[in-house]
Amino acid sequence: MLTLEWESEGLQTVGIVVIIFASLKLLHLLGLIDFSEDTVEDEMEMATVRHRPEALELLEAQSKFTKKELQILYRGFKNECPSGVVNEETFKEIYSQFFPQGDSTTYAHFLFNAFDTDHNGSVSFEDFVMGLSILLRGTVQEKLNWAFNLYDINKDGYITKEEMLDIMKAIYDMMGKCTYPVLKEDAPRQHVETFFQKMDKNKDGVVTIDEFIESCQK
């Protein structure tokens, strides 16, 4: 399956799959998907971490998680991140543990920036929850909007060919030798050239959010 995806032109699909896979692995690594029956409401109230999460009711209203799920997510997040936030270096270290066959540094950097919605250099529990809510339970439209934000590296509202190439190279580097047959060195550029031409409907050298969503839905 992976081989077919890598050899096709559907690079955006591969990117989204890698994002979701990585997020699930991150949940597992942090121990966030072990749904026990213990309550953590007291922990939410008594936590003395530097960053305090918003009220559970507000997060429940904003996300697609239940209150119980949010409690368990928070407990695992707090156990692994006592300060209440994750910085970029920690994010990179986590990713390197489950992509040891490649170099995940660059991709982790781009993904960190996508989770860090307020661009303050750290990912809070709220940032983490809202990102996972979209990736795991969002609509196709919501997931594509999130993916567009990932590819729009400089956050100017457009994706350039260079930005798409940077993301694709980062994904190839992270996957390392997981693909078979082994891809040629210029494979990312060749695939991006083909896919970008199809996305850039008006041939103005950039891909808008509308062009991006329309192309991916097709």
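The figures here come from the full heavy-atom set of this structure, side chains too, leaving out hydrogens, waters and symmetry mates. The shown structure was predicted, so the numbers you read here are calculated from the model rather than taken from an experiment.
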Item checked: Sequence-distant partners of Thr66, side chain to side chain contact (heavy atoms under 4.5 Å, CB included), two or more places apart -> Lys68, Glu69

Next item on the list: Would you please test Phe148 and Ile213 for side-chain contact (heavy atoms from CB on, under 4.5 Å) and show each step?
Entry: CA-CA 8 Å; Phe148 181 88; Ile213 291 177; over 6 Å; no

Checklist line | With Phe65 via ring-ring contact (aromatic ring centres under 6.0 Å, His included) - residues at least two apart | finding: none

Notebook entry, point to check: Can you check side-chain contact (heavy atoms from CB on, under 4.5 Å) on Val86 and Phe77, steps first, answer last?
Noted result: CA-CA 9 Å; Val86 178; Phe77 190 91; 3.8 Å; yes

Note to self: Taking the side chain as everything from C-beta on, heavy atoms only, tell me whether Leu70 gets closer than 4.5 Å to Val129.
What the structure shows: yes

Distance-only donor-acceptor pairs under 3.5 Å for side chains of residues 162-171, two or more places apart:
| from | atom 1 | to | atom 2 | distance (Å) |
| --- | --- | --- | --- | --- |
| Glu163 | OE1 | Thr160 | N | 2.9 |
| Glu163 | OE2 | Ile153 | N | 3.2 |
| Glu163 | OE2 | Asn154 | N | 3.1 |

Next item on the list: Applying salt bridge (charged side-chain N to carboxylate O under 4.0 Å, His left out), name anything that partners Glu142, two or more places apart in sequence or on another chain.
Entry: Lys64

Next item on the list: State which residues pass side chain to side chain contact (heavy atoms under 4.5 Å, CB included) with Asp173; sequence neighbours excluded, sorted by chain then number.
Entry: none

Next item on the list: Enumerate the residue pairs fulfilling salt bridge (charged side-chain N to carboxylate O under 4.0 Å, His left out) with a member in residues 202-218, sequence neighbours excluded, ordered by first and then second residue.
Entry: Glu214-Lys218

Notebook entry, point to check: Between Phe112 and Phe91, how do the two ring planes meet: parallel, tilted or perpendicular, split at 30° and 60°?
Noted result: perpendicular

Item checked: Phe110 atom CZ, neighbour heavy-atom count above 12 within 6.0 Å -> yes

Next item on the list: Please identify each residue that fulfils side-chain hydrogen bond (donor to acceptor under 3.5 Å, both in side chains) with Ser122, with sequence neighbours left out.
Entry: Asn120

Item checked: Check: His191/Tyr172 side-chain N/O donor and acceptor closer than 3.5 Å -> yes

Next item on the list: State which residues pass side chain to side chain contact (heavy atoms under 4.5 Å, CB included) with Asp103; sequence neighbours excluded, sorted by chain then number.
Entry: Thr105

Next item on the list: May I have the step-by-step check of side-chain contact (heavy atoms from CB on, under 4.5 Å) for Asn145 and Gln141, ending in yes or no?
Entry: CA-CA 6 Å; Asn145 281 328; Gln141 180 86 17; 3.8 Å; yes

Notebook entry, point to check: Can you check whether Phe212 reaches Asp152 side chain to side chain, under 4.5 Å on heavy atoms?
Noted result: no

Margin query: Taking Pro100's backbone N and O only, do any of them form a donor-acceptor pair with Ser104's side chain (distance below 3.5 Å, no angle check)?
Written below: no

Item checked: side-chain hydrogen bond (donor to acceptor under 3.5 Å, both in side chains) partners for Thr117, two or more places apart -> Asp127

Notebook entry, point to check: Quick check: does any side chain N or O of Ser96 sit under 3.5 Å from a backbone N or O of Glu93, one acting as donor and the other as acceptor?
Noted result: yes

Checklist line | Contacts of Asp200 that satisfy side-chain hydrogen bond (donor to acceptor under 3.5 Å, both in side chains) - sequence neighbours left out | finding: none

Next item on the list: Check whether Phe195 and Val206 end up in the same hydrophobic cluster, where Ile, Leu, Val, Met, Phe, Trp and Tyr are linked by side-chain heavy atoms less than 4.5 Å apart.
Entry: no

Checklist line | Test side-chain hydrogen bond (donor to acceptor under 3.5 Å, both in side chains) applied to Asn87 - qualifying residues, sequence neighbours left out | finding: Thr90

Check: How about Phe115 and Trp146: are their ring centres within less than 6.0 Å of each other?
Finding: yes

Next item on the list: Give a yes-or-no answer on whether the side chains of Ser124 and Glu126 include a donor-acceptor pair shorter than 3.5 Å.
Entry: yes

